[in-house]
Amino acid sequence: MKRRTWLRELRGDKTQQEIADELGIARAYYCQLENGQRGISVSLARELAEKLNIPWTYFFDDSDLG
């Protein structure tokens with residue numbers, strides 16, 4: 001899996017812990033998502049995408065988005 005550098009950029013000033021808390025997941029799991037070490041479920045992709053104001057399909061796009 002590719003690193004999701006675009007996800008780190010979209011997180012902005014929020015910490016990984018803050019985002020994880022908002023999603024109700026562990027910070028370690030969020031970190032793995034951001035680093036491309038774990039896949040993401042459609043439901044979590046939709047929830048995170050809504051918070052970041054992006055299309056949820058970004059998480060499943062093979063092209064480099066950032």
Side-chain angles (χ1 to χ4, degrees):
M1 286 185 205
K2 290 185 180 181
R3 294 190 79 159
R4 296 183 179 109
T5 54
W6 53 268
L7 185 53
R8 185 178 324 133
E9 292 170 12
L10 289 172
R11 180 167 43 93
D13 294 335
K14 289 189 177 185
T15 65
Q16 289 180 340
Q17 186 65 59
E18 289 171 325
I19 296 289
D21 288 345
E22 289 177 14
L23 296 171
I25 61 174
R27 187 206 57 80
Y29 178 50
Y30 179 80
C31 181
Q32 291 171 337
L33 292 173
E34 202 170 88
N35 289 326
Q37 297 170 326
R38 298 260 322 240
I40 189 170
S41 68
V42 170
S43 60
L44 185 57
R46 287 179 186 263
E47 187 177 353
L48 182 51
E50 185 176 319
K51 292 183 182 307
L52 299 174
N53 198 29
I54 60 170
W56 66 272
T57 55
Y58 275 18
F59 292 95
F60 304 99
D61 189 344
D62 287 338
S63 64
D64 186 10
L65 299 171

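FYI, the numbering just counts along the sequence from 1. All of these numbers come straight from a predicted model, not from anything done at the bench.
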Walk me through whether Tyr58 and Leu52 qualify under side chain to side chain contact (heavy atoms under 4.5 Å, CB included). CA-CA 11 Å; Tyr58 275 18; Leu52 299 174; over 6 Å; no

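In this structure, the separation between CG on Leu10 and CG on Leu48 is 9.0 Å, given to the nearest 0.5 Å. Atom CZ of Arg27 is separated from atom CD of Gln32 by 9.0 Å, given to the nearest 0.5 angstrom.
Every residue was checked against the salt bridge (charged side-chain N to carboxylate O under 4.0 Å, His left out) condition with Glu18, not counting sequence neighbours, and none meets it. Residues forming a side chain to side chain contact (heavy atoms under 4.5 Å, CB included) with Ser43 (at least two apart in sequence, or on another chain): Ser41. By the side chain to side chain contact (heavy atoms under 4.5 Å, CB included) test, Glu34 pairs with Leu7, Arg8, Arg11, Gln16, Tyr30, sequence neighbours left out.
Screening residues 40-56 for salt bridge (Lys or Arg N to Asp or Glu O under 4.0 Å) gives no qualifying pairs among residues at least two apart or on separate chains.
In this structure, Ala49 and Pro55 approach most closely via the heavy-atom pair CB-C, 4.0 Å.
Residues Phe59 and Leu33 fail the side-chain proximity criterion, which asks for heavy atoms closer than 4.5 Å. A heavy-atom distance below 4.5 Å is not found between the side chains of Ile25 and Ile19. Side chains of Leu44 and Tyr29 form a contact here, defined as non-hydrogen atoms less than 4.5 Å apart.
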